[in-house]
Amino acid sequence: MKQDLTDAEFDELDALLQATPEPHAPLDVLMLDGYLVGVLAQPRVVPAEEWLPPVFDLDGQTLPARADPQWLARCRSLIERRLQALNATISEDGWFDPLIVDTDREPPVSEYEPVQSPVSRALLPWAAGFHWAQERFPALLDSEDDAVHNALARIYRHLPAETDEDREVVAVLDREHPLTTLDEGIEDLVLAAVDLWDLTHRERFHVETIQREGPKVGRNEPCPCGSGKKFKQCHGKN
């Protein structure tokens, strides 16, 4: 397992992200952390070529050709190390330490959209990043598994409710599973994300067995393509 980022490297990564060429609107390091877990929880292994571009623009634009290749390489190196560290600790420990708003310097409500509680306000950027991953890769949103949607709701409760249905879901969660402290909120958020990772684990690493439709062709037998050649001299060539 590659070593996780140090505090100094998280700060470096945040500065690198903010240096993304305009007019792109990149994730900040808090949203990125939620986004990466959202990618890891997908029911398929998402290649970097798919998940990396949305890091640099919330509108889905690709980076311009003028982007500094050294800047991009350093960004990618740090981001991939964090992704690998998250995946390792989730798979080995069933846990990870999310990056959240510094509670000693908790932002005013105006910095982020108003949400239900101080707990949710601290967890909002992470949850927003996780949600961005589901917007880009909607397999979980399209799932018919109630367990998947229950786990998603536990994360999405920290986002501003946009519909009456959303508000009702949050009300039910607040009533049946109240989060009175930030520690409780972090624990529930992490366990919900780990639940999603577990629910998709088998599908993500499932390898289909290819069933042969007919008997195996011997190397010295006529090639099934009808060429008249032996199989080893036609489609059976190495």
Side-chain angles (χ1 to χ4, degrees), residues 24-44 46 50-51 53-55 57-61 86 90 96 98-103 105-201 203-204:
H24 289 64
L27 306 181
D28 62 26
V29 75
L30 302 181
M31 288 185 66
L32 173 67
D33 210 54
Y35 174 80
L36 294 178
V37 174
V39 168
L40 290 171
Q42 292 299 306
R44 66 182 178 95
V46 182
E50 292 184 38
W51 64 254
V55 168
D57 191 61
L58 289 167
D59 290 328
Q61 300 181 79
L86 285 166
I90 291 172
F96 63 93
L99 294 184
I100 63 169
V101 172
D102 185 347
T103 53
R105 297 186 294 107
E106 190 171 347
V109 172
S110 59
E111 182 170 338
Y112 297 112
E113 292 294 328
V115 291
Q116 298 87 340
S117 69
V119 171
S120 289
R121 185 145 54 98
L123 301 179
L124 170 57
W126 194 98
F130 185 92
H131 178 58
W132 176 232
Q134 309 321 309
E135 289 287 304
R136 300 300 300 181
F137 311 106
L140 292 179
L141 298 176
D142 295 339
S143 172
E144 296 181 358
D145 188 339
D146 288 342
V148 167
H149 288 283
N150 289 338
L152 286 173
R154 289 161 58 195
I155 295 174
Y156 286 0
R157 73 188 295 182
H158 302 296
L159 299 175
E162 296 181 353
T163 67
D164 289 341
E165 182 179 1
D166 291 341
R167 282 183 278 275
E168 178 59 27
V169 169
V170 172
V172 170
L173 286 171
D174 286 346
R175 183 170 62 251
E176 298 183 356
H177 303 285
L179 302 173
T180 58
T181 68
L182 182 57
D183 285 343
E184 290 178 352
I186 292 172
E187 181 179 15
D188 188 68
L189 179 86
V190 169
L191 293 180
V194 171
D195 284 349
L196 286 167
W197 190 94
D198 287 338
L199 286 166
T200 59
H201 179 264
E203 187 175 356
R204 185 163 53 252

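Hydrogens, waters and symmetry mates play no part in the numbers below; they use all other heavy atoms, side chains included. All values derive from a computational prediction rather than experimental measurement.
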Taking every non-hydrogen atom, the tightest pair across Trp132 and Pro54
NE1-O, 3.1 Å
4.5 Å side-chain heavy-atom contact, Arg136 and Val39:
no
Verdict with supporting geometry, Leu189 and Ile155, side chain to side chain contact (heavy atoms under 4.5 Å, CB included):
CA-CA 6 Å; Leu189 179 86; Ile155 295 174; 4.0 Å; yes
Can you tell me how far apart CG (Leu123) and OG (Ser117) are? Round to the nearest 0.5 Å.
8.0 Å
Tyr35 vs Phe137 aromatic rings, parallel, tilted or perpendicular, using cut-offs 30° and 60°?
tilted
Check whether Glu135 reaches the backbone of His131 with its side chain - one donor and one acceptor, N or O, closer than 3.5 Å.
no
Does any non-hydrogen side-chain atom of Leu27 lie less than 4.5 Å from one of Leu58?
yes
Do Phe96 and Leu40 make a side-chain contact, defined as non-hydrogen atoms from C-beta onward lying under 4.5 Å apart?
no
Quick check for you: to the nearest 0.5 Å, what is the distance between Ile100 atom CD1 and Leu182 atom CG?
4.5 Å
Has the side chain of Arg204 got a donor or acceptor atom that lies under 3.5 Å from a matching backbone atom of Trp197?
yes
For a quick test of reading the model, state the closest non-hydrogen atom pair linking Ala41 to Thr200 and the distance between them.
O-OG1, 2.9 Å
State whether the number of non-hydrogen atoms from other residues, nucleotides or ligands found under 6.0 Å of Glu176 atom CD is greater than 12.
yes
Any sub-3.5 Å donor-acceptor pair from Glu184's side-chain atoms to Thr180's backbone N or O?
yes
Do the side chains of Asn150 and Asp195 get nearer than 4.5 Å, heavy atoms only?
no
Reference residue Pro125; test side-chain contact (heavy atoms from CB on, under 4.5 Å); the match among Leu32, Asp33, Leu30, Leu99:
Leu30
Quick check for you: to the nearest 0.5 Å, what is the distance between His201 atom NE2 and Glu203 atom CD?
12.0 Å
Determine whether Leu179 and His158 make a side-chain contact, defined as any pair of heavy atoms from C-beta on separated by less than 4.5 Å.
yes
Pairwise distance CG(Leu196) to CZ(Phe130) - rounded to 0.5 angstrom:
5.0 Å
Side-chain contact test, heavy atoms from C-beta onward, threshold under 4.5 Å: evaluate it for Gln42 versus Trp51 and give yes or no.
no
Residues in salt bridge (Lys or Arg N to Asp or Glu O under 4.0 Å) with Glu168, at least two apart?
none
Show every ring-ring contact (aromatic ring centres under 6.0 Å, His included) that has at least one partner inside residues 167-194, sequence neighbours left out.
none
Out of the candidates Asp146, Leu141, Asp145, only one should pair with Ser143 under the side-chain contact (heavy atoms from CB on, under 4.5 Å) rule; please name it.
Asp145
If I take atom CG from residue Asp174 and atom CZ from residue Arg157, how far apart are they, to the nearest 0.5 angstrom?
5.0 Å
Is there a side-chain contact between Tyr156 and Leu159, using heavy atoms and a 4.5 Å cut-off?
yes
For Asp59, check side chain to side chain contact (heavy atoms under 4.5 Å, CB included) against everything at least two apart and list the hits.
Asp57, Gln61
Determine the minimum heavy-atom distance between Leu173 and Ala153, stating which atoms define it.
CD1-O, 3.5 Å
Which atoms form the tightest heavy-atom contact between Pro98 and Ile186, and what is the distance?
CG-CG2, 4.0 Å
With the side chain counted from C-beta on, respond yes when Val172 and Arg175 share a heavy-atom pair under 4.5 Å apart, and no when they do not.
yes
